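Have a look at the structure below before the remarks.
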Amino acid sequence: MKTRIPGFPRWVEAEHAEDLQYLFGKPFSIPLVYLPRHRDLSGYMIAYWTNFAKTGDPSRGNSRVPVSWPPFTKYHRPYLVINHSMSKSSVSYDLRSFYVNYWTQTYSQLPDAERTEEEKKL
């Protein structure tokens, strides 16, 4: 779901902490400000987080979810795109793997820089 905050580029899907209004059910408490798709998203998020809190698995529990959220392991790295129209294609893999590989592989292989005498004094 695209951000509801005006002025952001089109590629921004959710701003920092924007998910909290959905997680805590605001679309249900102020229905005139939100559309049915916002209530769908809120219901899905509440279900996933409730199941996870109760069972440790967001897909398993008393709250019905639209798509199973596969477990993340060292070799199997799925992520779930949570929005108002979820389907099996909402599960993808290796989110931003180029950047993850940079920090976990390339960066960690860079040699440590020696500090100059001036830097050591600071």
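Because only heavy atoms are used, hydrogens play no part in the values below, and waters and symmetry mates are left out as well, while side chains stay in. Bear in mind the structure is a predicted one, so any value in this text is a computation, not a measurement.
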**Q.** Over all atoms of both residues, closest heavy-atom pair of P78 and F72
**A.** O-CD1, 3.6 Å
Q | Exercise: identify the closest heavy-atom pair between R60 and N51 | A | O-CB, 3.3 Å
Q | Which atom of H84 lies closest to which atom of R37, heavy atoms considered | A | CB-O, 3.2 Å
Q: Say whether V33 and M45 are linked into one hydrophobic cluster, either directly or through other cluster members, by side-chain heavy-atom distances under 4.5 angstrom.
A: yes
Q | Interatomic spacing from CG in D40 to CE in M86 - rounded to 0.5 Å | A | 11.0 Å
Q.
As an exercise, state the distance from OH of Y22 to OH of Y34, rounded to the nearest 0.5 Å.
A. 6.0 Å
(Q) Hydrophobic cluster membership, with links at side-chain heavy-atom distances under 4.5 Å among I/L/V/M/F/W/Y: are L23 and V65 in one? (A) yes
(Q) My understanding is that a hydrophobic cluster links ILVMFWY residues whose side chain heavy atoms are under 4.5 Å apart, including indirect links. Using that, what else belongs to the cluster containing Y79? (A) V81, L95
Q.
If I compare all heavy atoms of A47 with all of R64, which pair ends up nearest, and what's the gap?
A. CB-O, 3.5 Å
Q) If two hydrophobic side chains count as joined below 4.5 Å and joins carry through other members, does W69 share a cluster with I46? A) no
(Q) Please determine whether residues F52 and I82 belong to a single hydrophobic cluster, defined as Ile, Leu, Val, Met, Phe, Trp and Tyr linked transitively by side-chain heavy-atom distances below 4.5 Å. (A) no
Q) What is the minimum heavy-atom distance between H76 and P70, and which atoms define it? A) NE2-CB, 4.1 Å
**Q.** Reported CG-to-CG distance for the pair L35 and L41, which is rounded to 0.5 angstrom
**A.** 12.0 Å
(Q) Looking at every heavy atom in both V67 and Y48, which two are closest together, and how far apart are they? (A) O-OH, 2.6 Å
Q.
If we ignore hydrogens and angles and just use 3.5 Å, is the side chain of S29 paired with the main-chain N or O of K26 as donor and acceptor?
A. yes
